[in-house]
Amino acid sequence: MATVLTSLGVKFYIGAKGTSGTASEPSQLIPQVIEASEFDLDPDTIDTTSFDNLRYKSSVSGLIDTTGIQYLTVNATDDEAAEGIWDALAGQEAWLKIEIPNKDDNTYVPIIPIKTGAYNLAVNDRITIRLRYTISGDMKFGATLADAE
């Protein structure tokens, strides 16, 4: 029987992308992650309806648009650990590694981190900050990045 996966123990790592052909495993743990945005990988729809269509429109799948801003939300800490790690790689190509316990493959997402901004503030709540990024290529799956490439 299959084991149901949970979010308990999920870890996020980041590392500089490196030069072509020298995949370096992301090893910098991003602390205090509490939420990750969902990757929308639905392709655009290209309308192919013609006058031959009498009742229904027709379409084909187009490109997958990953240009939107994605994010990790982290608990803000007094030492700004997550922000420091993130801002050190802001504007550079990097790999985001998502490690889920009891899953054989890790997910590797090529990203470009965006410099952190203001804290998210709400009355009577913890302070959080969003680590924003754009996806810059195809995701890869494997035990290590070298396996995935």
Side-chain angles (χ1 to χ4, degrees), residues 1-48 56-117 119-122 124-149:
M1 183 173 194
T3 301
V4 174
L5 301 175
T6 71
S7 60
L8 297 175
V10 171
K11 293 180 180 168
F12 295 84
Y13 297 87
I14 193 167
K17 198 165 185 182
T19 57
S20 180
T22 59
S24 180
E25 190 72 16
S27 60
Q28 184 66 54
L29 177 67
I30 302 168
Q32 298 287 325
V33 177
I34 60 170
E35 180 185 13
S37 59
E38 178 182 356
F39 300 123
D40 181 3
L41 299 178
D42 294 335
D44 288 337
T45 302
I46 300 171
D47 188 350
T48 59
Y56 298 101
K57 287 182 155 190
S58 57
S59 63
V60 296
S61 292
L63 298 172
I64 296 172
D65 183 2
T66 60
T67 58
I69 302 294
Q70 305 291 328
Y71 63 87
L72 300 176
T73 303
V74 299
N75 288 321
T77 58
D78 60 353
D79 64 358
E80 299 182 347
E83 297 99 299
I85 292 165
W86 201 259
D87 286 346
L89 290 170
Q92 301 175 46
E93 290 192 349
W95 284 108
L96 178 65
K97 173 184 168 183
I98 306 167
E99 186 178 277
I100 300 173
N102 300 316
K103 192 165 183 334
D104 293 338
D105 287 348
N106 296 311
T107 302
Y108 295 90
V109 186
I111 66 169
I112 299 175
I114 299 168
K115 189 165 177 60
T116 55
Y119 294 114
N120 301 317
L121 301 171
N124 199 34
D125 201 2
R126 67 179 167 229
I127 297 174
T128 61
I129 192 164
R130 284 200 170 157
L131 307 178
R132 298 170 297 129
Y133 62 91
T134 56
I135 297 173
S136 60
D138 292 336
M139 287 192 261
K140 299 184 181 297
F141 305 93
T144 67
L145 184 54
D147 293 337
E149 298 223 282

- Message: Could you measure the distance from the CD1 atom of Ile98 to the CE atom of Met139? Nearest 0.5 Å is fine.
- Response: 7.5 Å

Output a table of donor-acceptor pairs, distance under 3.5 Å, between side-chain atoms of residues 1-12 and any protein atom two or more places apart or on a different chain; print 'none' if there are none.
unit_1, atom_1, unit_2, atom_2, d
Thr6, OG1, Leu8, N, 3.3

- Between Thr48 (side chain) and Ser58 (backbone), is there a donor-acceptor pair under 3.5 Å? yes

- Item | Between CD1 on residue Ile114 and OH on residue Tyr71, distance to nearest 0.5 Å | 13.5 Å

- Task: Show your working on side chain to side chain contact (heavy atoms under 4.5 Å, CB included) between Glu83 and Tyr119 and close with a plain yes or no.
- Result: CA-CA 11 Å; Glu83 297 99 299; Tyr119 294 114; 3.4 Å; yes

- Compare every heavy atom of Tyr133 with every heavy atom of Pro113, then report the nearest pair and how far apart it is. CA-CB, 3.9 Å

- Interatomic spacing from CD1 in Ile111 to CD1 in Ile135 - rounded to 0.5 Å: 9.0 Å

- Message: Taking atom CG as the centre, does Leu41 end up with more than 12 heavy-atom neighbours from other residues, nucleotides or ligands that are less than 6.0 angstrom away?
- Response: yes

- Message: Donor-acceptor check, side chain of Ser59 to backbone of Asp47, threshold 3.5 angstrom: yes or no?
- Response: no

- Message: As an exercise, state the distance from OG1 of Thr107 to NZ of Lys97, rounded to the nearest 0.5 Å.
- Response: 10.5 Å

- Item | Side chains of Thr134 and Thr66 in contact at under 4.5 Å (non-hydrogen atoms) | no

- Main-chain N/O of Leu145 paired to Tyr108 side chain as donor or acceptor, under 3.5 Å: yes

- Message: Would the distance check show the side chain of Trp86 and the main-chain N or O of Arg130 forming a donor-acceptor pair, the cut-off being under 3.5 Å?
- Response: no

- Message: What's the separation between atom CG in Asn120 and atom OG1 in Thr128, rounded to the nearest 0.5 Å?
- Response: 4.0 Å

- Do the non-hydrogen side-chain atoms of Thr144 and Asn106 ever get within less than 4.5 Å of each other? no

- To the nearest 0.5 Å, tell me how far Asp104 CG sits from Asp147 CG. 11.5 Å

- Message: Testing the basics here: between Pro26 and Ile14, what is the closest heavy-atom pair and its distance to 0.1 Å?
- Response: CB-C, 3.7 Å

- Non-hydrogen atoms of Ala148 and Lys140 that approach each other most closely: CB-CB, 3.6 Å

- Query: Can you check whether Ile34's main-chain N or O pairs, donor with acceptor, with Thr73's side chain at less than 3.5 Å?
  - Reply: no

- Query: Okay, side chain of Arg132, backbone of Lys115: is any donor-acceptor separation there less than 3.5 Å?
  - Reply: yes

- Query: Can you find a pair of side-chain heavy atoms, one from Leu96 and one from Leu72, that are under 4.5 Å apart?
  - Reply: yes

- Query: Would the number of heavy atoms belonging to other residues, nucleotides or ligands and lying under 6.0 Å from CG of Asp79 be above 12?
  - Reply: yes

- Which heavy-atom pair separates Ala82 from Ile30 by the least distance, and what is that distance? CB-CG2, 4.3 Å

- Item | Atom of Val74, atom of Pro31 and distance for their closest heavy-atom approach | CG1-O, 3.7 Å

- Minimal non-hydrogen separation, Ile129 against Thr116, with atom names: CD1-CB, 4.0 Å

